[in-house]
Amino acid sequence: MASLILVVTSLEDLTADLVIAALNKRGVPVVRVDPADIGRDLRFGFRIGSGVRAWGGMLSTTSREVEVREVTAVYYRRPTPYSARFTGLPAQERDFSTAEARHGLGGVLNSLHAATYVNHPSAVTRADFKPAQLRTAVHLGFTIPPTLITNDSETARSFAAEHGRVIYKTFRGLPKDEHRKGIAGTIWTQRVIPDAFDDSLMVTAHLFQAEVPKTGDVRVTVVGHHVFAQQITTPDGALDWRRGDWEDLIHVPVTVPPAIEAALYSYLAAFGLIFGCFDFALTGDVNDPEHWIWIECNSNGQWGWLPDAPAITEAFADILSGKEPAPDENASRP
């Protein structure tokens, strides 16, 4: 069957734009859809049963119509939350409509027969929890920073006393601020002062780690069987390279040690992923796997800003168009 790619994302998604452009250049049919457009701009009718064993039916946007049974691959990026479609409704109606749309429309889009998902939303959700990431990383032999998750100030102070310099990072990014025109904020990875720990920690969970005496960072992007790695350094040696001007970052392509590369593939297979952006801290020789310290993996990460973005784009296009067989995303589970 000829390739038909469904790209599930918001209208303003520059990363998806790169992949769509590459697929268009190859002449591969692409349909872009944002599920939050449900209504006049997005209509559908799906059927199953009566001898039909897979979901089929038409999905219509303002510009395209597609029979979902013909979809061979789904590039699941960053669609608008369903709740955005129903913000004008009273709370009960809003929550009901959001849940119905997510379980109905979203349920079908997430259950297309024989389609390759990059990545499947349920796999992204499983891999989104940092405790699960860290446990899986340790299981696969990666070195991670000593880590504490707590809401107790005494426990946090004891951890800091044991490890010296300690950093704090969030589990998730800040949600959008409704009072600031929906602008999302950021809390960067930062050093903490143990003397400042007090009972306010009890309000929620906090993630603390022993600071890694790093010499640099490495961003590794894995797409199928392709690995792209860039060592990143900042002119001012910032703890979190994301905090400054990305135009000032220094990128140097590096080769991932074979032991690390094998573990990366195992990590993706453990969560049923085909793609992931991995972050490591370097503590010495980039060729020595013992100096690679695991930080995290973003299963829906951005990569369009990297110097090797053109090659990454083509790797995505290869997987989605079927030019290259996708790894078995159901190989194993953590």
Side-chain angles (χ1 to χ4, degrees), residues 127-149 163-171 188-191 207-244 246 249-271 273-303 305-309 311-312 315 327 332 334:
D128 212 20
F129 289 84
K130 282 191 171 64
Q133 290 191 21
L134 291 163
R135 178 182 65 84
T136 303
V138 170
H139 176 74
L140 293 173
F142 289 109
T143 301
I144 68 168
T147 301
L148 171 70
I149 296 174
H163 294 287
R165 276 190 169 184
V166 172
I167 60 103
Y168 163 79
K169 61 174 61 176
T170 61
F171 295 99
W188 308 110
T189 298
Q190 57 192 279
R191 297 183 181 98
L207 174 63
F208 300 106
Q209 289 183 323
E211 183 176 337
V212 175
K214 65 181 183 179
T215 57
D217 296 270
V218 177
R219 164 61 67 93
V220 184
T221 306
V222 182
V223 185
H225 301 288
H226 297 279
V227 176
F228 308 90
Q230 292 280 335
Q231 183 171 347
I232 300 173
T233 53
T234 60
D236 59 356
L239 179 65
D240 189 335
W241 56 262
R242 301 169 301 172
R243 186 168 191 167
W246 288 19
L249 296 176
I250 302 168
H251 299 83
V252 177
V254 296
T255 300
V256 179
I260 298 293
E261 181 174 339
L264 294 175
Y265 291 134
S266 296
Y267 180 94
L268 293 179
F271 284 105
L273 300 168
I274 290 176
F275 151 72
C277 290
F278 297 83
D279 288 315
F280 290 86
L282 283 179
T283 59
D285 184 0
V286 70
N287 297 309
D288 186 346
E290 292 189 3
H291 290 293
W292 287 60
I293 311 300
W294 165 280
I295 301 300
E296 64 183 352
C297 174
N298 188 334
S299 56
N300 206 355
Q302 305 281 19
W303 45 265
W305 53 278
L306 291 166
D308 40 17
I312 297 173
S332 60

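Of the inter-residue distances, the one linking His251 atom NE2 with Asp217 atom CG reads 10.5 Å to the nearest 0.5 angstrom. For the atom pair CG (Asp128) and CG (Asn298), the distance works out to 7.5 Å, reported to the nearest 0.5 Å. Rounded to the nearest 0.5 Å, atoms CD1 (Ile250) and OG1 (Thr233) are 4.0 Å apart. Separating the CH2 atom in Trp303 from the CD atom in Gln230 is a distance of 13.5 Å, to the nearest 0.5 Å. Interatomic distance, CG of Asp279 versus CD1 of Ile293, reported as 13.5 Å (0.5 Å rounding).
Side-chain contact between Thr147 and Lys130 is absent, with no heavy atoms from C-beta onward closer than 4.5 Å. By the 4.5 Å heavy-atom criterion applied to side chains, Trp292 and Val218 are counted as neighbours. When side chains are defined from C-beta on, Leu249 counts as touching Thr234, because their heavy atoms get closer than 4.5 Å. Under the 4.5 Å side-chain criterion, counting only non-hydrogen atoms from C-beta, Phe142 is not in contact with Gln133. In this structure, the side chains of Val220 and Val227 come closer than 4.5 Å at one or more pairs of heavy atoms. In this structure, Leu134 and Trp294 have side chains that are in contact, with non-hydrogen atoms separated by less than 4.5 Å. Considering only heavy atoms from C-beta on, Phe278 comes within 4.5 Å of Leu268 through its side chain. Looking at heavy atoms from C-beta onward, His225 lies in side-chain contact with Pro327 at the 4.5 angstrom threshold.
Here the side chain of Thr215 pairs a donor or acceptor atom with the backbone of Leu282 at under 3.5 angstrom. Looking at Tyr267, its side chain never comes within 3.5 Å of a backbone N or O of Thr136 through a donor-acceptor pair.
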| task | Please test Lys169 against Ile295 for side chain to side chain contact (heavy atoms under 4.5 Å, CB included), starting from the C-alpha separation and ending with a verdict. | result | CA-CA 11 Å; Lys169 61 174 61 176; Ile295 301 300; 3.3 Å; yes

| Do Cys277 and Arg219 pass the side chain to side chain contact (heavy atoms under 4.5 Å, CB included) test, and can you show the C-alpha distance, the side-chain angles, and the key distance before you say yes or no? | CA-CA 7 Å; Cys277 290; Arg219 164 61 67 93; 3.7 Å; yes

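Nearest heavy-atom pair across Gln302 and Trp305 is O-NE1, 3.4 Å. Scanning both residues, Gly276 and Cys297, for their nearest heavy atoms gives CA-SG, 4.1 Å.
Between Glu211 and the options Thr189, Val166, Ile167, a side-chain contact (heavy atoms from CB on, under 4.5 Å) holds for only Ile167. Tested against Phe280, the residues Val256, Thr143, Ile260 include a single side-chain contact (heavy atoms from CB on, under 4.5 Å) partner, Ile260.
Enclosure of atom CZ in Phe129 is not indicated, since only 12 or fewer non-hydrogen atoms of other residues, nucleotides or ligands lie within 6.0 angstrom.
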